[in-house]
Student: 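My questions will all concern the structure given below.
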2 protein chains.
Amino acid sequence: MPSRQQKGNCLNLTKETRCMTCSLSSLCLPLSLNLEDIDQLDRIIKRRQPLKKGEHLFRQGDSFDCVYAVRSGSLKNYIMTNDGEEQITNFHLPSEMVGLDGIDCSSYPVSSRALETTTVCEIPYSRLQELSNELPDLRKQMFSSLSKEIRDDKQMMLLLSKKNAEERVATFLANLSARFKRRGYSPYTFRLPMSRNEIGNYLGLAVETVSRVFTRFQTSQIIAVNGKEVHITDRQQLLEIAGLSECEAETGAKLVAS
Amino acid sequence: MPSRQQKGNCLNLTKETRCMTCSLSSLCLPLSLNLEDIDQLDRIIKRRQPLKKGEHLFRQGDSFDCVYAVRSGSLKNYIMTNDGEEQITNFHLPSEMVGLDGIDCSSYPVSSRALETTTVCEIPYSRLQELSNELPDLRKQMFSSLSKEIRDDKQMMLLLSKKNAEERVATFLANLSARFKRRGYSPYTFRLPMSRNEIGNYLGLAVETVSRVFTRFQTSQIIAVNGKEVHITDRQQLLEIAGLSECEAETGAKLVAS
DNA sequence: CGATAGTTTGATATAGGTCAAGCAATGTGG
DNA sequence: CCACATTGCTTGACCTATATCAAACTATCG
C-alpha cells in the first residue's frame, strides 16, 4: 500500500518513486543528465493517482502549471473547433512528455484525457524552470522536446494535405509500431489504445474509411486485425504504402508524433 | 553604400544596423529585454546580403547554425515528400523568426527560400545559446516562439483535417490580414507575396480550387482581388467563414502560422 | 515582342464523406 | 450470471466536394 506523503491527489508509490530506478527514464530523460541532476529533477516530480478512462489530465484553458510524462496507459490531446467538434492533435504513450506546448501561455492550449487507466509523473513547471536555469542539459532537453514536436507536426501537415486514406493509415500504424519498439515491445503485435473513431478524427478521415482501409490491408495480407489487436504481417509493404524508407521508420525521424 | 565589415556574405548596413533603432524590434523581440540585453543581442546579429527571389536561406539538411528574423520581403518554408513534391509548412513575413525548429538537430528540418527579394538578420545559434544562458528573458522568449509555433501548427492540422476549401482560404486571408496589421500596415489591403499555386500547396488544395474560391468570394463581395492585390471588403463575413470570432482574429490567437 | 509561367474557367472523374443497417463487443442492473 | 442496452465496428449504397484534365487568357521577363 503506497503511503500518502504529499498533499492533494498526489501520492508517492513505494516502488518506482525515483527516476533513477524507473524503467522509462532512459526514454523520457534521453538527455545525458548526470546522477546528481537526475536526483534534483526527481525531487520535484510528483506521481499522481491514476486517471480513469475518459478523465482529463487537463483541459484547454486550464491554468498551466505542470508538464507530465506518461508512465502507463495512454492519453489523447485535442483542441476544440468553435462549433464544438474535437480535433485530436496527438496520442501519448508511456515515456512521452505531455503539456510542454503550454509553456509560454498561462493556460494549456489543448485538452488531454485518458484513453484508458493512465498514470503520469507530474512536474510543476515553476520548479522545472528554476531547475532548468541551473542545468543547461535539462534546458537543452526541453528545447529538444519542443522542436521535435514541431518537426512531427510538419510531417502531420504533410500527411493531412498530401496523403490519401491508405497512406495515412499506413503511416499511423508504422508510427505506432516504432513507438512500441522504442519502449521494448514488439513492433509487430500491439493493441491500439484508441477507437476507430479517434483514429479517423486524428487522421482527417471518416470512421468508415478507417474501417475500410483496415479490412483492405487485411485482405492484402499486410496486417491482421482483431478488434484493437493489430499484427503487422508485411512490414515492408506497410512502410512502402506509408511512403517511408526503412531508415526513416527505424529512427522515427519522419514519423508523426512519436 | 554599405561598408563591408564582416566576412563572407554578411555586411553591416550603415543604417538600421542596430536592433535598438530597428522599426521591427518591438515585434521580433517582444520580450521585455532591457537596453543592455538588447545591446548584447545586437552584437551577435549579422545582417546578410539580400536574397533574390527563389534563393534559399537554407536547405533541409543544411547544418544548423543560425536562426533568422525577416527584415523585409518574405520566405516560404517547405519539406519534401519522398517522391519529390514540396509541402509548404509556413510563410514568413517581416519581423517573424525563421529556423528555430532546427534547434535540437544538427541540420535544418525544412528548406526556406525567398518569395521575393528578402533581407534577414542572422543570429549565430551558438552565440544565441551562450547569451540565453545569461539572459533568462531571452530564453523565455525562445521558448515562447517555439510553443507558439506548436500552437499554430495544431490549428493548421485542424484546418487541414476539418475545414472545407472556403473555410481554408478565408482563414488564410484573415491570418495574413492580422499579420499585416500587427506590423502597422492596413489589414484590409495588401499584396500576396506568394502564388496561387503556393497558397494551394500550403492549404492542401489544388490551384484551381484556390482560384475558384477567390472568384466566389469576389462575387459575394467579400474581397476584391486584382492579381496579387487583395482588398477585404467584408471582414465580418470573412471571419465568419473562417470560423473565427472577432477576438480570435484580433489577437491572432487561433490564427495559423503568424 | 515573343516566350514562359501563372491564373482563370469549364467539363469530367473520383476518393472519400454521408446515410443506413446489421453485427459484435462491452457494460449494467436485476 | 444473464438479458438488455449502449457503444463501437463493419459493410453497402449513394452523393458531393474537390481533384484532374484541358484550354484560353494574362501577366511577367529576357
Side-chain angles (χ1 to χ4, degrees), chain A residues 52-54 76 81 83 85-88 113 115-117 159-173 191-220 223-230 241 243, chain B residues 52-55 76 81 83 85-88 113-117 159-173 191-220 223-230 241 243:
Chain A
K52 287 200 274 294
K53 177 173 180 172
K76 67 172 173 185
T81 65
D83 48 311
E85 260 184 307
E86 84 178 35
Q87 168 66 44
I88 297 174
R113 83 192 326 199
L115 294 171
E116 56 198 316
T117 303
L159 177 143
L160 291 170
S161 109
K162 293 261 176 345
K163 294 189 177 182
N164 66 25
E166 296 205 344
E167 291 165 347
R168 292 183 198 196
V169 174
T171 306
F172 177 71
L173 291 174
R191 189 172 182 284
L192 301 170
M194 69 295 284
S195 70
R196 301 284 191 276
N197 220 312
E198 287 163 331
I199 296 174
N201 181 301
Y202 176 62
L203 295 177
L205 299 171
V207 206
E208 294 93 329
T209 306
V210 174
S211 181
R212 275 186 256 266
V213 172
F214 270 51
T215 42
R216 246 180 285 154
F217 280 179
Q218 191 151 220
T219 311
S220 17
I223 58 174
V225 193
N226 181 7
K228 307 210 154 182
E229 296 292 332
V230 174
I241 295 174
Chain B
K52 288 201 273 292
K53 178 174 178 172
E55 281 183 340
K76 67 170 173 186
T81 65
D83 49 311
E85 263 186 305
E86 84 178 35
Q87 168 66 43
I88 297 173
R113 83 192 325 198
L115 295 171
E116 57 198 314
T117 303
L159 177 144
L160 291 171
S161 109
K162 293 260 175 349
K163 294 189 176 183
N164 66 25
E166 297 205 345
E167 291 165 347
R168 292 183 198 196
V169 173
T171 305
F172 177 71
L173 291 173
R191 188 170 182 288
L192 300 171
M194 70 294 285
S195 71
R196 301 283 190 275
N197 219 312
E198 288 164 328
I199 296 173
N201 180 300
Y202 177 62
L203 295 177
L205 299 171
V207 206
E208 295 93 327
T209 306
V210 174
S211 180
R212 275 185 255 266
V213 172
F214 269 53
T215 41
R216 244 180 287 156
F217 281 179
Q218 191 151 220
T219 311
S220 18
I223 59 175
V225 192
N226 182 8
K228 306 211 155 183
E229 296 292 332
V230 173
I241 295 173

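Every chain is numbered from 1 and lettered A, B, ... according to where its sequence line falls, protein lines coming before strand lines.
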Student: With respect to the side chain of A:Leu205, which nucleotide from C:dT8, C:dG17, D:dT10 is positioned closest?
Tutor: C:dG17

Student: So, does A:Arg212 get its side chain near the phosphate of D:dT10, meaning an N or O under 4.0 Å from OP1 or OP2?
Tutor: no

Student: Separation of A:Lys162 atom NZ from D:dT18 atom P, in whole Å?
Tutor: 16 Å

Student: A:Glu116 has an atom CD; how far is it from atom P of C:dG27, in whole Å?
Tutor: 13 Å

Student: For A:Gln218 and D:dT10, give me the distance from atom CD to atom C1', rounded to whole Å.
Tutor: 12 Å

Student: Which nucleotide in the set C:dG6, C:dT8, C:dG16 lies at the smallest distance from any side-chain heavy atom of B:Ser195?
Tutor: C:dG6

Student: Decide yes or no for B:Val213 and B:Phe172: does some side-chain heavy atom of the first lie under 4.5 Å from some side-chain heavy atom of the second?
Tutor: no

Student: Quick one: label A:Gly200 by what it contacts on the DNA or RNA (base, sugar-phosphate, nothing), any heavy atom closer than 4.0 Å.
Tutor: nothing

Student: Could you please name the option among D:dT20, D:dT11, D:dC9 that lies closest to any side-chain atom of B:Ala206?
Tutor: D:dT20

Student: For C:dT9 and B:Ser211 - does any side-chain N or O of the residue sit under 4.0 Å from the phosphate oxygens OP1/OP2?
Tutor: no

Student: Carefully, step by step, assess A:Ser195 and A:Asn197 under the rule side chain to side chain donor-acceptor pair (under 3.5 Å).
Tutor: CA-CA 5 Å; A:Ser195 70; A:Asn197 220 312; 5.5 Å; no

Student: Without decimals, in angstroms, what is the distance between A:Leu160 CG and C:dG16 P?
Tutor: 13 Å

Student: Need one value for B:Lys53: base, sugar-phosphate or nothing, where a base atom within 4.0 Å counts as base even if backbone is also close, heavy atoms only.
Tutor: nothing

Student: Below 4.0 angstrom, N of the basic side chain to O of the carboxylate: do A:Arg216 and A:Glu166 qualify?
Tutor: yes

Student: Send over the distance from A:Asn197 CG to D:dT7 C1', rounded to a whole Å.
Tutor: 10 Å

Student: What is the distance, to the nearest angstrom, from the CG atom on A:Asn201 to the P atom on C:dG17?
Tutor: 12 Å

Student: Could you pick out which residue, A:Thr209 or A:Asn226, lies toward the 5' side of DNA chain C when each is mapped onto its nearest nucleotide?
Tutor: A:Thr209

Student: Rounded to whole Å, please give me the gap between CD in A:Glu198 and C1' in D:dC9.
Tutor: 13 Å

Student: What do you reckon, is CG of A:Asn226 surrounded by more than 12 foreign heavy atoms closer than 6.0 Å?
Tutor: no

Student: Considering only heavy atoms and no angle criterion, is a donor-acceptor pair shorter than 3.5 Å present between the side chain of A:Glu208 and the base of C:dC19?
Tutor: yes

Student: If I take atom CZ in residue A:Arg196 and atom P in nucleotide C:dC23, what distance separates them, rounded to the nearest angstrom?
Tutor: 19 Å

Student: Counting only heavy atoms not in B:Lys228, do more than 12 fall under 6.0 Å of its NZ?
Tutor: yes

